[in-house]
Asks: 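Submitted below is the structure of interest, expressed as structure tokens.
Throughout, protein chains are lettered first and strands after them, A, B, ... in sequence-line order, and every chain is numbered starting at 1. Only heavy atoms go into these numbers, but all of them, side chains included; no hydrogens, no water, no symmetry mates.
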Amino acid sequence: MNLEQEISAILKEWGASYETEIGEQLIQFQKTRKDMEGDLTLLVFPLVKPAKKSPQMVGEEIGELLQQKLDFIVRFEAVNGFLNLVIADRYWLGRLNDIIADEQFGTASKRNERMMVEFSSPNTNKPLHLGHLRNNFLGFSVSRILEANGYDVVKTQIINDRGIHICKSMMAWEKFGNGETPSEAGLKGDKFVGKYYVEFDKALKIETAAVLNKWQEGDFGQAPEAVIEEYKKLQGVHDSKADDPKAQKGIADKIKKLVNNHTPLMQEVKLMLQRWEARDEETVALWTKMNNWVYKGFNTTYENIEVDFDKLYYESDTYLTGKEMVDLGLEKGVFFKKDDGSVWIDLTEDGLDEKLVLRGDGTAVYVTQDIGTAQQRMIDYPDLNGIVYTVGNEQEYHFKVLFLILEKLGYTWAKNCHHLSYGMIDLRNDKGEVGKMKSREGTVVDADDLVDEVVRMARVMTEERGHIDGMTDKEKQGLYHMIGLGALKYFLLKVDPQKKMTFNPDESVELNGNTGPFLQYVHARISSVLRKSDFEGNVELSANLENVEKEIIKHLAEYPEVIHQAGTEFSPAVVANYVYDLCKLYNSFWQNIHMLNEPDINLRKMRLQMSVQVAKVIKSATHLLGIDVPQRM
RNA sequence: GGCCCCGUAGUUCAACUGAAUAGAAUAUCAGAUUUCGGCUCUGAGGGUUGCAGGUUUGAAUCCUGCCGGGGUCACCA
């Protein structure tokens, strides 16, 4: 039984003497303010009512009672409805011994429940960028946090390997590639395919402009009647709105989209998609070849950022399951069919709109595929308790719809699905202007480049000030990578996921202050002193604690609760802030109190043991963030 | 326009989900440390928590209304 529980038990007895029941909700603890004496504070306000006395009087009454019953309460002070309790050192030393004895301190025991965490899931036409890094680090860290909370976790991603966008890069490679391979071009596979996707886009833009010109001159080529009519109608509206430039621009965009859709190039791509759906051998072979290039490139990046997956899902495997689910939903009456054959769900009663789940031509849309994937996952893992989807917050509406659909289809696990939503990353340039990342404007921060850059920075810093004599080159490389990646991961994870963040390439990845390398440094320093000392066994309960030492032990003791909170909130930021505070506390101790030349052997042992436990928790907490800590740096 | 998210020191972020004088980092200024690792530590200045009401013994936190920023409302993914 811990301290809070013992006090709660006494408070319940105390309540009984007033013939009131003291519920858990009325018993609230908090840390004692720094400028007050005490280790733990009980809020008296909620307890005032039953006693019908002033907060001050109730505080003193409870204080006396607690001191009488619990011998490790040394003193108490009641101030304005706050009861500050001073706890004896031997109590905290006892807690330290508990922590020493627990190898897996902080982590919960197995609960035999399985959770799936989906993250990454990139577009195969675009190399990974900074936004994906936030996604990957978040998803990976949440997986570890859930494991620490006792879940069995399956890390997964859905690979969007199907659809018209894939055909675009395939078409471009066929037209402009001359059979070139990534190695011939000296590019990573994902970068290579991305290059052709961009080339397609360029060609399409030029062609769209040309076709638009022709249409404006009345030359409609092979365009179908209905499209020409639509165009003329839009053009009419456009011309009539000469006085409203904003509306006119909107119409102009619609016209562009229409033209874009009927260029010869787009027609060709659509034919290619049809050939793919019909399993045309040549098309599928090209598709397979190019996808494998992409996967190879992605895997290099995943290895580099030390992220991995237990199970991969491919959209090309699950979209058909999705269509079957739609049929099933039609039978159940969850969905309905419109005259043109398209299938919908009516969510107006839930405060949303009608949503399309299958196109008029019978092909799958985004949500169809997600329904199918969810179903496939349940088949593969029948004991699955829930799925966490790590996806940007611009898709919040989509996931609301998806979860509602799953629920209406009758899946009980739908209520355990969670959209781990995170904010976008804006960029700040050297002029201080904030803007969005846009591939078209070349303002995307490439993931590989960024990792290289932070590793380079880590090398420069470490060569200047590090303790790396006697390391082999290979060990040094590993260390720079560990530090650089640690800086990047910590930077992206310390912020509450829901908040959007601003990234300045020049300033953002610092190695000082509230950063990953700061944590790594503290761990390395503790490791260093431990190499020079002995630290076995339990500590004596009779030692006297300095204030910082007590603070450190108190902070250590909170670790299990931190893991629990991080798990229920799916928030690595909780862990990050906790471990940072621990390191700061420890540094303050380090600066003021020496260990190795302390003459009192019990005191020396206690300090060394406490340091070992601090190092243990740093290692454990940073592990939850996907960050490694070194022995030396 | 409807719905969702965000607004806290110059800047980047906290605040245990309603508690005492809103905390860190960074930058600035002033100091410490020849000794276990200076990527360290101590201190100072810096705030009407976007604005206005309301609920409460008590509000950055909950409610209402504004203001500002972003997102989303596709037979795109």
Side-chain angles (χ1 to χ4, degrees), chain A residues 28-36 41 43 45-46 48 55 79-82 84 121 123 125 160 162-165 257 315 338 340-344 351-353 355-363 365-367 369-370 392-398 400 421 423-424 426 428 432 434 436 461-462 464-467 483 491 494-496 498-504 507-508 510-515 517-518 520-522 524-533 558 561-562 565 569 573-574 576-578 580-581 584 587-598 607-608 611 632-633:
Chain A
Q28 294 172 33
F29 296 101
Q30 61 181 269
K31 281 183 205 164
T32 306
R33 280 183 63 92
K34 271 185 203 152
D35 48 353
M36 301 281 199
T41 295
L43 287 186
F45 296 109
V48 167
V79 195
N80 307 323
F82 297 90
N84 300 326
S121 307
N123 179 332
N125 275 319
N160 296 294
R162 183 204 73 91
I164 198 117
H165 57 291
K257 208 183 268 178
E315 191 190 328
K338 288 194 177 175
D340 60 1
S342 57
V343 182
W344 297 72
L352 307 177
D353 312 309
K355 295 297 296 183
L356 177 86
V357 293
L358 200 67
R359 287 196 195 98
D361 63 5
T363 55
V365 289
Y366 186 34
V367 74
Q369 169 265 124
D370 267 343
N393 63 6
E394 73 273 13
Q395 295 201 30
E396 260 162 29
Y397 188 79
H398 170 77
K400 254 186 215 166
S421 160
M424 296 207 175
D426 289 330
R428 183 191 303 263
V434 174
K436 293 173 72 171
M461 297 290 290
T462 308
E464 264 177 32
R465 302 184 253 179
H467 300 246
I483 295 173
F491 176 78
K494 74 175 176 190
V495 180
D496 178 41
Q498 209 153 44
K499 292 203 174 177
K500 69 175 182 200
M501 54 194 306
T502 307
F503 186 83
N504 183 334
E507 295 169 11
S508 290
E510 297 275 342
L511 304 179
N512 296 321
N514 186 358
T515 66
F518 175 82
Q520 291 170 324
Y521 177 73
V522 174
R525 195 155 66 169
I526 295 175
S527 306
S528 158
V529 74
L530 295 179
R531 279 194 292 271
K532 300 171 185 167
S533 65
E558 285 167 29
E561 176 53 31
V562 167
Q565 194 196 341
E569 293 177 14
V574 171
N577 287 318
Y578 167 82
Y580 171 64
D581 284 337
K584 224 164 17 129
N587 268 346
S588 171
F589 159 80
W590 175 278
Q591 196 70 21
N592 298 310
I593 296 169
H594 279 210
M595 283 182 277
L596 294 186
N597 51 7
E598 166 61 48
R607 288 174 182 165
L608 286 166
S611 301
R632 300 165 58 192
M633 69 188 277

Asks: Would B:rU17 be called syn or anti, given that syn covers angles within 90° of 0?
Replies: syn
Asks: Counting the atoms with a prime plus P, OP1 and OP2 as sugar-phosphate, which does A:Ala524 contact under 4.0 Å by heavy atoms, base, sugar-phosphate, or nothing?
Replies: base
Asks: Counting the atoms with a prime plus P, OP1 and OP2 as sugar-phosphate, which does A:Lys34 contact under 4.0 Å by heavy atoms, base, sugar-phosphate, or nothing?
Replies: sugar-phosphate
Asks: Taking only residues two or more places apart in sequence or in another chain, which ones pass ring-ring contact (aromatic ring centres under 6.0 Å, His included) with A:Tyr397?
Replies: none
Asks: Please state how far atom CD in A:Gln28 lies from atom P in B:rU61, giving the value in whole angstrom units.
Replies: 18 Å
Asks: When we call it a touch if two heavy atoms are under 4.0 Å apart, what does A:Glu598 touch: a base, just sugar-phosphate, or nothing?
Replies: nothing
Asks: With a 3.5 Å cut-off and no angle check, do the side chains of A:Asn160 and A:His165 form a donor-acceptor pair?
Replies: no
Asks: Within the modelled atom types, does a donor on one side and an acceptor on the other bring the side chain of A:Thr515 and the base of B:rA25 under 3.5 Å apart?
Replies: no
Asks: Going by ring centres under 5.5 Å and near-parallel planes (under 30°), is A:Phe45 stacked on B:rA19?
Replies: yes
Asks: Grab the N/O contacts between the protein and nucleotides 3-6 of chain B below 3.5 Å, and write none if there aren't any.
Replies:
unit_1 : atom_1 : unit_2   : atom_2 : d
B:rC4  : O2'    : A:Glu396 : OE1    : 3.0

Asks: Is the distance from OP1 or OP2 of B:rC36 to the nearest side-chain N or O of A:Asn597 less than 4.0 Å?
Replies: no
Asks: Please check if any side-chain donor atom of A:Arg525 sits under 3.5 Å from a side-chain acceptor atom of A:Asn587, or the reverse.
Replies: yes
Asks: Between A:Thr462 and B:rC39, is there a side-chain N or O to OP1/OP2 distance below 4.0 Å?
Replies: no
Asks: Would one find a side-chain N or O of A:Arg607 under 4.0 angstrom from OP1 or OP2 of B:rC36?
Replies: no
Asks: Within the structure shown, what part of the strands sits under 4.0 Å from A:Ile526 by heavy-atom distance: base, sugar-phosphate, or nothing?
Replies: nothing
Asks: Could you tell me how far B:rA32 sits from B:rA59 if I compare only their P atoms? Round to whole Å.
Replies: 44 Å
Asks: Identify all stems in which RNA chain B takes part, counting only runs of at least 3 consecutive pairs (Watson-Crick or G-U wobble, each distance under 3.5 Å), and give each as one range with another, ordered by first number.
Replies: B:1-7 with B:67-73, B:10-13 with B:23-26, B:28-32 with B:40-44, B:50-54 with B:62-66
Asks: How are the rings of A:Phe45 and A:Phe82 set relative to one another: parallel (under 30°), tilted (30 to 60°) or perpendicular (over 60°)?
Replies: perpendicular
